[in-house]
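All remarks here apply to the structure that follows.
Side chains included, hydrogens not; waters and symmetry mates left out as well; all remaining heavy atoms used. Order of the sequence lines sets the chain letters (A, B, ...), proteins ahead of strands, with each chain counted from 1.
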2 protein chains.
Amino acid sequence: MPPPIAYKETPDQHWMHLALDQAQQGVGLTSPNPPVGAVIVAQEKVIGRGYHHRAGEPHAEVEAIRDAQKTHPKLLRGATIYVTLEPCSTHGRTGPCTEAIKAAGIKRVVFGAYDPNPSHREQSRNILLLAGIEVTAGVLEEECRAIIRPFSKWITTGIPYVIAKAGQSLDGRITRPAGESSLITNDAARAHGRRLRMRVDAIIVGAETVRKDNPQLTLRDGSAGSGKVQPWRVVMTRSGDLPQHAHLFTDEFKDRTVIMNDKSLPDALAILGKHGVVSVLIEGGGIILGQAFREKVVDEVYWYIAPRLCGGGRPSIAGPALPDSIELKDVELRTMGDNVCFHGFPVWPETGAQVELLQRAVSI
Amino acid sequence: MPPPIAYKETPDQHWMHLALDQAQQGVGLTSPNPPVGAVIVAQEKVIGRGYHHRAGEPHAEVEAIRDAQKTHPKLLRGATIYVTLEPCSTHGRTGPCTEAIKAAGIKRVVFGAYDPNPSHREQSRNILLLAGIEVTAGVLEEECRAIIRPFSKWITTGIPYVIAKAGQSLDGRITRPAGESSLITNDAARAHGRRLRMRVDAIIVGAETVRKDNPQLTLRDGSAGSGKVQPWRVVMTRSGDLPQHAHLFTDEFKDRTVIMNDKSLPDALAILGKHGVVSVLIEGGGIILGQAFREKVVDEVYWYIAPRLCGGGRPSIAGPALPDSIELKDVELRTMGDNVCFHGFPVWPETGAQVELLQRAVSI
């Protein structure tokens, strides 16, 4: 293997990484807003930091300004703010961040990603420049765009961002022979898969999964104190034949369970999108995953594989054959003991041109 | 992760590792004999080395003695020989190694694995001790046994050692939708899979694979100058309906193609074992792999997975469902670009007791 390429961050990139760390803390919590982080820097040190905690609460810029006012009030005037997303210039549930930045006496704004909403993009730049504030855009743009990928899709299309997940045997089966344990992947893989629920607003399963596995689809590990609410639990059914005693209809989160009766997956996603669901996790089974890939609605994939051969049982992708196979790009492989997780992004040739146009629109 | 445990080799282990390096050079070339390597050490340096090249040619011990006689004739008397397998004491196509060791004036014999043939085991020890030669057994025994695993199975059961290989999509399919390339795994994975052919005496495929894929099953990369002969190419067919123009029946190795007509896989393996085939590689397709796992004849597995979803097409394990799922143990995961290879050994609960008895018989 060649040695890794050594490269040195610029100071702007260094501070923006810290802003990204802030943004990361809001992932999964801010819908229908994007997760955003900010740090304020003066005299080469961080004097304030903050992130957007949840919709209706202050934006990251205001959180960081308030932090600096409390801890370093004398250094705030003339400071630089690093924010992962272009500051807003419009009145939402909170005032425009451009005004808060001006009022704080900040002299330079560095942001990562442009606002993916075409009607907002670059609005703030002119407002800030007219106020005599220096603006630098596009620092760590790729990373800053990646963290708001779900929001960008939803705000531009109305359709939630879709993560598909499966846990299967080496030979692609999600059930074991009768009489064996129902578990296929190991503890580490299953815990990793459950943590994906922290990132989304809704979890989709097929009726067959409810009938056969009776899942809870709750957050469990690591959600305590995070402020994360239980994601919607959406059951896709054609027959409406669902067991009334299932966890989803009887547990403490039964008000967070929604039944989509005789709806196609694209229709169900459009309905969820209209209700402010920015991201969903499809947890299976094979029939619903088959639909998701045939309908080309999947944006991101986590596929867990255990070293066991089942040679029969339900396949991880069921139903009619796919018309074309689907390649994953930007694949990351993670070993979890003797299990492997493939993480990647489906390549959708037909919509490739659209995606490119969208990316260009966001970059320009 | 805990830090790796630091451990220091003993001198005997150090020299035995060099003998294993020698043995490795004979893997796949020596059937029906096992691969064996030897080094001779005097004054803390290697004065001779050798390995068994092929059946009918000198054993590793004799190769190493001849090497020492040529290069360090004065140091041979009183030297120590390290050999991966217990030296033979019987007349085969060559004379007994115990006699060659005595004649060379060697004063100490260190070996790794005991002879897996129960009627030969520990014969040499007494012969050598009576000649005043010191004997140390079981140095790096596990590694030395691993390298002769195929031979050990064949010599004790008459059945060849079976390696099963598959190359599949993430969702367990070995064919892509009509109109697409027939390739699923990447170049590195396919090259790695082809190199497995260097280790075996025969390659088994199903008739469907011949009809659909028309494989060559030749050695290609890295076989030139190795002395490796083209492994037998064994086609399993029930109908006898095979394309006469296929590579297997027309290319330069057509005399190395065998048709097993209406034979079960266990029967076919028994026939091959009787003809001195010590190891086979089952390359698929799904029907023959399904038979192999249902019949519990597989000893080792290489499973290559590419980040592509096919959602239909032929499964990697086809035919009737397995009665029990099969766990792999001692799993090694190897990433090859964005492909993964799972390497492991099937756990066969029913025959576990037998295997243990066999291992005990070999160790005692």
Engaged part of B/L170 at the chain A interface, taking heavy atoms whose separation is under 4.5 Å: both

Heavy-atom closest pair, residues B/P323 and A/P177: O-CB, 3.5 Å

Measuring from atom CZ of A/R173 to atom CG of B/D171, what distance do you get when rounded to the nearest 0.5 angstrom? 10.0 Å

With a 4.5 angstrom heavy-atom cut-off, is it the side chain or the backbone of B/P320 that approaches chain A, or both, or neither? backbone

Within this structure, what is the CG-CG distance for the pair B/L328 and A/L309, rounded to the nearest 0.5 Å? 5.5 Å

Heavy-atom pairs under 4.5 Å with chain B are the metric here; pick the option from A/P346, A/A321, A/G312 that has the most. A/A321

Is the CZ atom of B/R211 crowded by more than 12 outside heavy atoms at less than 6.0 Å? yes

For chain A, which of B/I184, B/V340, B/V347 has the most heavy-atom pairs under 4.5 Å? B/V340

Is it the backbone or the side chain of B/N339 that comes under 4.5 Å from a heavy atom of chain A, or both, or neither? backbone

Under a 4.5 Å heavy-atom cutoff, which of B/G172, B/P307, B/G344, B/G319 has the most pairs with chain A? B/P307

Smallest separation among heavy atoms of A/C310 and B/S325, with atom names: SG-CB, 4.0 Å

Pairwise distance CZ(A/R308) to CD1(B/I326) - rounded to 0.5 angstrom: 9.5 Å

In terms of heavy-atom proximity below 4.5 Å to chain A, should B/R294 be classed as side chain, backbone, both, or neither? neither

Taking side chain as C-beta onward, heavy atoms only, is A/D324 less than 4.5 Å from B/E180? yes

Let me know if B/E327 has heavy atoms under 4.5 Å from chain A in its side chain, its backbone, both or neither. both

Is there side-chain contact between A/I305 and B/F342, with heavy atoms separated by less than 4.5 Å? yes

